[in-house]
Protein chains: 2
Amino acid sequence: MPGKNNSNIPEVVVQRLPQYVRALTQLHNRNIEVVSSKELGDALGVTPVQIRKDLSYFGRFGKQGRGYNVVFLLQELRHVLGLDKQWTAAVIGIGRLGSAILSYPGFGQEGFNMVAAFDSAPLGIGSRIGELIVQNIDELERTVKSKAIDIVIIAVPAEQAQSVTDRVVKCRVKAILNYAPIKVQVPSDVRVREIDPVLALQSMTFHLKSLHD
Amino acid sequence: MPGKNNSNIPEVVVQRLPQYVRALTQLHNRNIEVVSSKELGDALGVTPVQIRKDLSYFGRFGKQGRGYNVVFLLQELRHVLGLDKQWTAAVIGIGRLGSAILSYPGFGQEGFNMVAAFDSAPLGIGSRIGELIVQNIDELERTVKSKAIDIVIIAVPAEQAQSVTDRVVKCRVKAILNYAPIKVQVPSDVRVREIDPVLALQSMTFHLKSLHD
DNA sequence: CTAACTTTGCGAAATTTTTAACAATCGACC
DNA sequence: GGTCGATTGTTAAAAATTTCGCAAAGTTAG
């Protein structure tokens, strides 16, 4: 059953794979050629079994008594995740947050290329951020098509997030990264990931509370 | 068993509570006084049973045939999560990201007060961001104590994240929000939440891939 | 070449999390 | 005050996820 074609892969597993890729990349940069599930697990704070089980959904990549060839496993996982392709992304909402996102080099380094920026405020439209000109949101539909945008990053205020999302969904975009502090509704074939530091903090205070006085 | 004192609450449940708080706050702002688990679930994209089950870990807050009083439930959940307290936070790493974090008004609005900022580069130290003066990282230990810092937000480059974390942990800080693209190791009594947009994107491309030719 | 040791991959067991089912209770209306 | 529809809270079942246990296979050392 190695190299299973597509789905009924648990979503939790898919969400752990990028971490494995990152850890393997670091090992590769340190010229480490072979790694065991034990070592990889230690680096990531997960159990070795977890890693072996996760990998087994996609194939057999290791050697008994030895471990995994770092370069090979990296290649395989990057392929599984589609990280061997280039992806196009657009940012909507070019305020402080949106500008920071556009300027962050980390996306491009990983193959996520920012190819368009949109805003609704006439003030910002036309201004340049890096190599992009901020476009009027009215041009969204046309540009998604012409630039074949795969992913949309939403950085508008909470009040506008749902309506912007609806427009994005209508353009047949299937992946949204949402920085707005609101849970947007989308059809089930559209993936959304939330970036929400306030929620993250709020789930920690539950534990801090009992600690504190 | 209503009003269970403390732990053996599943962590998944704790992480959903802040979302409920947010949705309830929105309902409150719209002057809605009562909400059913069905309605709340629809707003959040979770099932009504999920909500009722989650709430049942902490007490009995609803009325059969009617639903939940929004203000009351909000109050209770905010208390459960410790959101009725003020919390102090410090940011380490005042580059583009760190500055954006310090300037973001969303934290203060929710009771997370930024009370210190640290950097290691002599260039930035002493400069003012909002009402804070950027301090030398050497003053970390002293300041955590003197300002009773509850939460540390890490916004340094990946290479420095682990060593900064180690220092933070030594100061007995029990909650870390990590923006660095690396999984930091901490003792089990320290909570870490990762903010990692690249990982989020990378777990979506898995699904996009099979879609995309 | 053999023995001792290491580590994978996988089926099965254990645990955790979600979902279903339903009695109990509330509110409204007649 | 009795009936009807709505909705909670909880126990039980189902589903999902993690962990265990171990045979098979590779490595190292003598």
Side-chain angles (χ1 to χ4, degrees), chain A residues 1-4 7-20 23-24 27 32-74 76-77 80 188 203 206, chain B residues 1-4 7-20 23-24 27 32-74 76-77 80 188 203 206:
Chain A
M1 232 136 293
K4 291 180 180 121
S7 46
N8 59 16
I9 309 280
E11 186 60 30
V12 268
V13 173
V14 174
Q15 298 201 23
R16 275 190 297 260
L17 295 186
Q19 296 183 248
Y20 300 165
L24 288 164
L27 291 169
I32 293 167
E33 294 183 2
V34 173
V35 68
S36 69
S37 58
K38 171 79 167 60
E39 294 164 326
L40 194 53
D42 287 346
L44 284 167
V46 303
T47 67
V49 222
Q50 177 90 271
I51 292 175
R52 295 206 300 275
K53 186 78 181 187
D54 285 352
L55 296 181
S56 77
Y57 283 102
F58 304 98
R60 304 167 43 132
F61 307 115
K63 266 201 189 124
Q64 284 105 323
R66 199 162 157 69
Y68 301 89
N69 178 296
V70 171
V71 170
F72 174 68
L73 183 55
L74 196 44
E76 291 290 313
L77 289 185
V80 162
S188 63
S203 71
F206 173 77
Chain B
M1 230 135 292
K4 289 178 182 121
S7 46
N8 58 16
I9 309 280
E11 187 59 32
V12 267
V13 173
V14 175
Q15 298 203 27
R16 276 191 297 260
L17 294 186
Q19 296 184 249
Y20 300 166
L24 287 164
L27 292 169
I32 293 167
E33 293 182 3
V34 174
V35 68
S36 69
S37 60
K38 172 80 168 56
E39 293 164 325
L40 194 54
D42 288 347
L44 284 168
V46 302
T47 66
V49 221
Q50 177 90 270
I51 292 175
R52 295 206 299 277
K53 183 86 200 202
D54 285 353
L55 296 181
S56 77
Y57 283 102
F58 304 98
R60 304 167 43 134
F61 307 116
K63 267 200 189 125
Q64 284 107 325
R66 197 162 157 68
Y68 301 89
N69 178 295
V70 171
V71 170
F72 174 68
L73 182 55
L74 196 43
E76 291 289 314
L77 289 184
V80 162
S188 63
S203 71
F206 173 77

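Reminder, nothing fancy here: chain letters follow the sequence lines and each chain counts from 1. Keep in mind that this is a model prediction, so the values were computed, not measured.
Contacts between residues 42-55 of chain B and DNA chain D, counted as heavy-atom distances below 4.0 Å, involve B/R52, B/K53.
Note: OH (B/Y68) to P (C/dT25) measures 16 Å, nearest angstrom. For B/E11 and C/dT18, the CD to P distance is 12 Å, given to the nearest whole Å. Atom CG of B/N8 is separated from atom C1' of C/dT15 by 15 Å (rounded to the nearest Å). Remark: P of C/dT16 and OH of B/Y57 are 11 Å apart, rounded to the nearest angstrom. Whole-Å rounding puts the B/I9 CD1 to C/dT17 P distance at 12 Å. Between B/Y20 atom OH and D/dT8 atom P the separation is 13 Å, expressed in whole Å. As a whole-Å value, the separation of B/N69 CG from D/dT8 C1' is 15 Å.
Checking D/dT17, C/dT18, D/dG9 against every side-chain atom of B/V12, the shortest atom distance belongs to C/dT18. Of all nucleotides listed (D/dT7, D/dT17, C/dT7), D/dT7 comes nearest to the side chain of B/S36.
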- Yes or no on side-chain contact (heavy atoms from CB on, under 4.5 Å) for A/Y20 and A/L73, after CA distance, side-chain angles and deciding distance? CA-CA 9 Å; A/Y20 300 165; A/L73 183 55; over 6 Å; no

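Partner of B/Y68 under the side chain to side chain contact (heavy atoms under 4.5 Å, CB included) criterion, chosen from B/L74, B/L55, B/L40: B/L55. Screening A/V80, A/N8, A/I9 for a side chain to side chain contact (heavy atoms under 4.5 Å, CB included) involving A/Y57 leaves a single residue, A/I9.
Taking CG of B/L27 as the reference point, atom CD of B/E39 lies at 8.0 Å (rounded to 0.5 Å). Taken to the nearest 0.5 Å, the OG1 atom of B/T47 stands 10.5 Å off from the CG atom of B/D42.
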- Message: I need a per-nucleotide contact map over nucleotides 25-30 of chain D, read 5' to 3'. Cutoff is protein heavy atoms under 4.0 Å; write B for the base, S for backbone only, - otherwise.
- Response: BBS---

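The two residues B/L24 and B/V35 have their closest heavy-atom pair at CD2-CG1, 4.0 Å. Looking at every heavy atom in both residues, B/K53 comes nearest to B/S56 through O-OG, 2.6 Å. Of all heavy-atom pairs spanning A/R16 and A/D54, the tightest one is NE-OD2, 2.7 Å. Taking both residues in full, the closest heavy atoms of B/S37 and B/R52 are given as OG-NH1, 3.1 Å, listed atom of the first, atom of the second, then distance.
For the pair A/S37 and C/dT7, the criterion of a side-chain N or O lying under 4.0 Å from OP1 or OP2 is not met.
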